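What follows is one structure encoded as structure tokens, with my remarks underneath.
Index from 1, following the sequence. Keep in mind it's a predicted model, so treat the numbers as computed, not measured.
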Amino acid sequence: MFGLTLLSHQIGGFLGAWFGGLAIQHSGNLLWVWYVDIALAAVAAIVNLLIKEEKLVKA
């Protein structure tokens with residue numbers, strides 16, 4: 001699970017930088033990139049809130 005998390009984080013970092021470069025190249029500003037970033041962060045927060053964790057039992 002840790003490896004998958006690390007891999008997806010690296011891919012997200014690459015895509016964020018790449019799309020940021022495309023935004024600057026095509027529109028000259030990063031405003032819409034911030035809006036997409038906010039939306040993705042909200043989706044990630046909601047997905048994490050839906051995770052049900054089991055309670056730990058002391059042995």
Side-chain angles (χ1 to χ4, degrees):
M1 185 58 105
F2 183 72
L4 182 63
T5 303
L6 216 68
L7 176 66
S8 65
H9 186 78
Q10 293 297 316
I11 292 171
F14 166 77
L15 290 175
W18 186 51
F19 285 130
L22 287 176
I24 287 289
Q25 188 176 26
H26 291 289
S27 67
N29 67 32
L30 292 173
L31 185 61
W32 70 270
V33 176
W34 283 107
Y35 292 140
V36 171
D37 187 38
I38 291 168
L40 288 173
V43 169
I46 291 168
V47 167
N48 278 292
L49 287 173
L50 295 175
I51 296 173
K52 302 290 184 203
E53 294 183 0
E54 294 181 17
K55 292 187 179 201
L56 294 176
V57 178
K58 291 186 179 181

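When all heavy atoms of Val33 and Gly20 are compared, the pair lying nearest together is CG2-CA, 4.4 Å. In terms of heavy-atom proximity, Phe19 sits nearest to Trp32 at O-CZ2, 4.4 Å.
Here CD1 of Ile11 is found 11.5 Å from NE2 of His9. Values are rounded to the nearest 0.5 Å. How far CD1 of Ile51 is from CD of Glu53: 7.0 Å, rounded to the nearest 0.5 Å.
If you chain together hydrophobic residues whose side chains sit under 4.5 Å apart, Trp34 and Leu22 never meet in one group. Hydrophobic clustering of Ile, Leu, Val, Met, Phe, Trp and Tyr side chains at less than 4.5 Å, counting indirect connections, unites Trp18 with Leu7. Under the 4.5 Å side-chain heavy-atom criterion for Ile, Leu, Val, Met, Phe, Trp and Tyr, Leu30 and Leu15 are members of distinct hydrophobic clusters.
For Ser27 (side chain) and Ile24 (main-chain N/O), no donor-acceptor pair under 3.5 Å exists by modelled atom type.
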